[in-house]
**Student:** 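Dropping a structure here in structure tokens format, bear with me for questions.
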Amino acid sequence: MLSETMLVATASLLFSIFFLHLISFLSLLAAVSAASTAGEGGEFSLAVNYLLACGRTSSVSVDGGRIFLPDSSSSSTVSLSFPRLSSYSISTPQHFHPTPLYRSARIFRRPSSYSFPLPSSSSSSSSYSPSPLVLRLHFLPLSNGSFSFSISVSGLPLLSYFTPSCCSTNVLEFLLPISPPSPLLLSFTPSSPSSLAFVNAIELLSSPSSILPFHDTAPASPVLQLLYRVNVGGPAITPANDTLWRSWTPDSSFLVTPSVANAVSFPGWINYPKGGATPLDAPKPVYSTAQVLNLEQSSGSNSFVSSSPINSNLTWVFPIPSSNHGYFVRMHFCDIVSPVLNQLFFDVYINKYSVSTDLDLSFQGGFNLASPYYIDHFVGSNVSGHIQVDVGPSKRSLPERANAILNGLEIYRINGAAIFHPNFRKKELLAVVFIGFFLGTSFFLFVLVVLIVLACQKWRSQRLSCPIDSSAQCSPLPVFSGNSYSRIIEMATPRAVAFSTSNLSLKIPLSEILLATNYFQEQFQIGSGGFGKVYKGILRDGTPIAVKRGARGSQQGLQEFRAEVELLTKIRHRHLVSLIGYCTEQSEMILAYEFMGKGPLRSHLYGANHNPPLSWKQRLHVCIGSARGLHYLHTCSCQPIIHRDVKSTNILIDEKYIAKVADFGLSRMGPHLNQTHVSTCVKGSFGYLDPEYFKTQQLTEKSDVYSFGVVMLEVLCARPVIDQSLPWEQINLAEWSVHCLNKGNLDRIVDPCLKGKVDSMSLKKFGETAERCLAQYGVDRPAMGDVLWNLEYVLQIHESKHCQQSLSQQC
Ligand SMILES: *[C@@H]1O[C@H](CO)[C@@H](O)[C@H](O)[C@H]1NC(C)=O
Ligand SMILES: *[C@@H]1O[C@H](CO)[C@@H](O)[C@H](O)[C@H]1NC(C)=O
Ligand SMILES: *[C@@H]1O[C@H](CO)[C@@H](O)[C@H](O)[C@H]1NC(C)=O
Ligand SMILES: *[C@@H]1O[C@H](CO)[C@@H](O)[C@H](O)[C@H]1NC(C)=O
């Protein structure tokens with residue numbers, strides 16, 4: 001009886017808990033779906049939609065029903081600072097321009113701003129989530145008057161010394177990646193007291209996040225300024241016909257190969273793929289027209305027998321202003337010409353670099369024809385006044401089907417990093433998701449425990465009669481490797497560069513590298529070498545990195561790069577500079593290493609602007625550290641790794657004065673690179689070259705030992721290995737030092753900074769070790785392990801003598 005009431009009580013308790021959790025679980029589902037639609041831009045709402053006709057007194061309807069409000073209306077939430085004092089409005093008669101927007105303007109004599117309240121992130125309007133904003137400014141100057149001004153948004157400069165061109169409309173469009181704090185201040189500042197600023201109309205709109213090339217809206221995402229938006233092969237598209245009131249221009253003035261280009265248009269249905277490009281990215285008229293190389297060969301009629309398809313590139317050239325920051329190019333594709341799937345394969349190039357090879361729109365469109373797809377590409381800052389876009393048939397396509405297509409193109413200038421504070425709405429959403437998830441999971445765990453306890457009891461009771469097949473319980477969960485349709489840059493990576501999964505964790509997206517190095521800005525360059533340029537960068541988590549950007553090139557280069565990454569990921573040692581990541585997107589060959597704050601050893605020894613000299617103890621620690629690193633390379637695997645380029649600029653020192661060996665990855669690249677390597681040695685690292693290697697071309701670990709001996713002498717003498725300014729017998733450090741050491745004349749060569757501070761015994765032992773490293777024949781040189789042992793011995797001598805000295809001084 002008692003147990004029955006207890007059972008009922010437990011059951012009702014369980015039921016109430018169940019309902020509580022059901023509710024929390026449903027809220028979790030709601031939150032997750034809200035988060036995902038906000039993130040994907042699937043449900044896009046115009047949370048911000050300001051349309052201002054500046055200088056007008058009444059509102060005006062343009063583009064089929066968009067109402068532009070006057071900027072001086074008292075009912076408007078937009079306010080203008082200093083309207084009376086510094087600005088005035090003008091309007092012109094109808095014949096001046098057919099569009100009413102351009103017949104009025106507001107003119108500013110002094111810095112003035114419009115203030116646009118934005119929906120606050122904490123407000124109750126649940127439809128609002130932080131999304132990029134589009135800012136469109138319309139200008140049509142009345143005369144060649146002294147219009148010159150700068151434009152900024154909430155303190156962030158967008159454009160300086162802007163002079164709109166006379167006699168035509170100027171539309172500037174900016175993408176603000178994250179919403180600035182409310183209210184947004186749009187400021188116009190005349191360049192000089194005698195110049196004026198003006199604006200005819202302003203549009204400030206929310207836009208879906210898919211229009212940005214970045215994976216997420218990072219706090220430092222840059223502002224983008226539209227340069228070109230082209231409907232390739234089709235007519236101009238006016239704002240009224242675009243999903244986001246954009247204008248698209250025809251491509252004819254940019255096409256440099258009109259003789260091989262055929263404009264096509266497609267009357268059928270455009271299949272926007274699930275999770276891919278949407279009509280908000282580009283409307284149907286963009287995707288349903290294109291330029292192709294060869295017209296479709298209709299399979300039925302052979303009346304027009306195609307003699308031979310054209311095998312050439314379709315090329316467009318876009319003049320661009322110079323910029324410190326680089327450009328973002330989005331190319332729109334849609335296979336509107338193929339009669340069946342998987343016939344069209346083509347290559348895409350930007351500035352003659354391969355962006356995509358064997359691009360198969362059938363595959364990218366989820367095996368649908370007429371399915372839109374776009375590729376995002378970053379172009380570095382070193383572009384020579386134009387961006388060239390090529391599409392051409394791939395080698396893989398059948399000759400009679402060779403073709404290439406382009407439907408649309410957008411080019412943006414990257415205008416430096418934004419400094420707006422990020423919105424925190426996402427975090428709140430996350431908190432809801434987290435709490436919901438926590439409650440939901442705890443409920444499931446509870447139910448699971450109850451079930452298990454019940455099952456156990458049942459099992460115990462049935463144990464003797466019914467044995468359980470334990471293996472059936474342990475089958476692994478099925479793994480679904482679906483094609484998650486990520487549309488961003490990853491897709492543009494050539495398939496041939498796919499790496500083994502073990503290295504995937506080291507892969508860094510190109511967008512991260514671009515942010516870290518501020519788009520490979522020249523101020524961030526810290527060196528250059530045979531491999532390419534080296535930049536300093538800071539990852540978003542604050543980690544400083546050294547970014548080595550290889551000259552982009554062939555598949556061959558990529559294979560070697562791949563071999564190097566595989567080697568570098570296997571080798572980790574405290575005294576070897578370690579690899580933080582790599583990037584192969586868009587044919588880039590980028591390696592990111594840990595950043596070594598104190599730079600190369602050489603800069604601590606001598607040179608034009610060298611650092612304060614290192615103490616003898618510091619020098620010994622540097623030598624011991626780098627000897628350890630080399631010893632590890634020589635012994636870490638069954639096949640020794642030979643550095644081949646040991647020199648004082650390849651030994652780097654970090655903030656804590658720990659020495660690490662750099663550049664060892666390049667040493668094992670393919671045979672033809674050896675060739676270039678030897679030639680750079682002969683040119684650049686001559687003083688370090690093992691004479692035996694030079695004579696026999698046979699490389700052993702002992703060649704590294706020889707070079708290390710030279711580095712030890714540099715440390716001892718603090719002078720360049722080759723110094724042409726000295727008498728001829730002293731020019732070569734190795735020869736001169738060996739000569740002096742043989743004669744027991746150590747004092748002649750030791751760095752004057754060390755004289756008197758260092759015990760002669762430790763100097764002598766150090767000199768002897770270096771001399772043995774420089775033996776004529778490899779067999780006579782010590783192994784790196786012996787060198788290491790000797791250096792530690794030298795350090796011991798130094799420290800014990802030092803100790804004795806200080807003790808005797810104390811006494
Ligand atoms: C503005 O300057 C251009 C050339 O500099 C000239 O052709 C045009 O007539 C000028 N327009 C006005 C309104 O002065
Ligand atoms: C744009 O829309 C108008 C009607 O709103 C239509 O007549 C015109 O053909 C459209 N243009 C294009 C390029 O689709
Ligand atoms: C197309 O252009 C690329 C890059 O400029 C070039 O490598 C390729 O050979 C060209 N293809 C043809 C068929 O001209
Ligand atoms: C830009 O590229 C050209 C050749 O492509 C090269 O000569 C020049 O040095 C580069 N400039 C910079 C700043 O990288």
Side-chain angles (χ1 to χ4, degrees), residues 228 230 232-233 251-264 290-297 306-320 326-333 335 337-338 343-361 364 373-411 489 491-497 510 532 549-561 584-589:
Y228 297 101
V230 180
V232 176
D251 68 319
S252 46
S253 51
F254 309 109
L255 184 67
V256 295
T257 54
S259 56
V260 296
N262 291 298
V264 289
Q291 294 280 11
V292 294
L293 201 52
N294 297 296
L295 288 171
E296 173 199 346
Q297 289 121 21
S306 56
S307 47
S308 67
I310 315 154
N311 189 4
S312 153
N313 282 337
L314 286 171
T315 306
W316 293 262
V317 170
F318 299 88
I320 48 166
Y327 302 86
F328 155 53
V329 182
R330 175 169 288 185
M331 287 162 284
H332 296 272
F333 301 99
D335 183 358
V337 288
S338 297
Q343 277 201 349
L344 176 64
F345 298 100
F346 60 101
D347 296 343
V348 182
Y349 307 87
I350 289 185
N351 285 346
K352 302 191 178 165
Y353 284 121
S354 167
V355 171
S356 183
T357 40
D358 303 334
L359 182 61
D360 177 5
L361 295 178
Q364 303 294 0
Y373 172 69
Y374 58 81
I375 291 181
D376 288 347
H377 185 84
F378 291 98
V379 181
S381 54
N382 186 19
V383 275
S384 48
H386 66 263
I387 287 179
Q388 179 180 337
V389 177
D390 290 76
V391 294
S394 98
K395 292 188 197 75
R396 209 178 123 188
S397 51
L398 299 172
E400 66 273 18
R401 303 219 189 285
N403 206 345
I405 190 169
L406 183 68
N407 300 63
L409 188 86
E410 292 169 272
I411 299 179
I489 321 158
M491 286 252 159
T493 311
R495 269 166 243 150
V497 211
L510 183 58
R549 187 191 200 192
R552 298 196 286 183
S554 60
Q555 198 61 38
Q556 181 81 23
L558 275 172
Q559 294 302 336
E560 281 146 9
F561 178 79
T584 51
E585 278 169 39
Q586 301 177 13
S587 322
E588 290 278 2
M589 292 188 286

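All ligand and atom numbering here is 1-based and tracks the order in the structure.
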**Student:** Would you give the length of the straight line joining atom CD1 of Ile375 to atom CZ of Phe333, rounded to the nearest 0.5 angstrom?
**Tutor:**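 Ile375 atom CD1 to Phe333 atom CZ measures 4.5 Å (nearest 0.5 Å).
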**Student:** Between ligand 3 and the protein, find all N/O pairs closer than 3.5 Å and give the distance for each.
**Tutor:**
from, atom 1, to, atom 2, distance (Å)
ligand 3, 2 (O), Asn313, ND2, 2.2
ligand 3, 11 (N), Asn313, OD1, 3.2
ligand 3, 11 (N), Asn313, ND2, 3.1

**Student:** Under 3.5 Å, is there a donor-acceptor pair between the Asp251 and Gln291 side chains?
**Tutor:**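 There is such a pair (donor and acceptor under 3.5 Å, judged by atom type) between the side chains of Asp251 and Gln291.
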**Student:** Phe346 versus Leu361: any side-chain heavy-atom pair under 4.5 Å?
**Tutor:**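 In short, these two side chains touch, coming nearer than 4.5 Å.
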**Student:** Run through Leu406, Val232, Ile405, Asn407 and flag the one making a side-chain contact (heavy atoms from CB on, under 4.5 Å) with Val292.
**Tutor:**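 Going through Leu406, Val232, Ile405, Asn407 one by one, the side-chain contact (heavy atoms from CB on, under 4.5 Å) with Val292 is satisfied by Ile405 alone.
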**Student:** Under a plain distance cut-off of 3.5 Å, with no hydrogens placed, do Asp347 and Thr357 share a side-chain donor-acceptor pair?
**Tutor:**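 No, because no side-chain N or O of Thr357 sits under 3.5 Å from a partner of the opposite role on Asp347.
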**Student:** Please list, one pair per line, the donor and acceptor atoms closer than 3.5 Å that link side chains of residues 252-260 to other protein atoms, with sequence neighbours excluded.
**Tutor:**
from, atom 1, to, atom 2, distance (Å)
Thr257, OG1, Thr315, N, 3.0

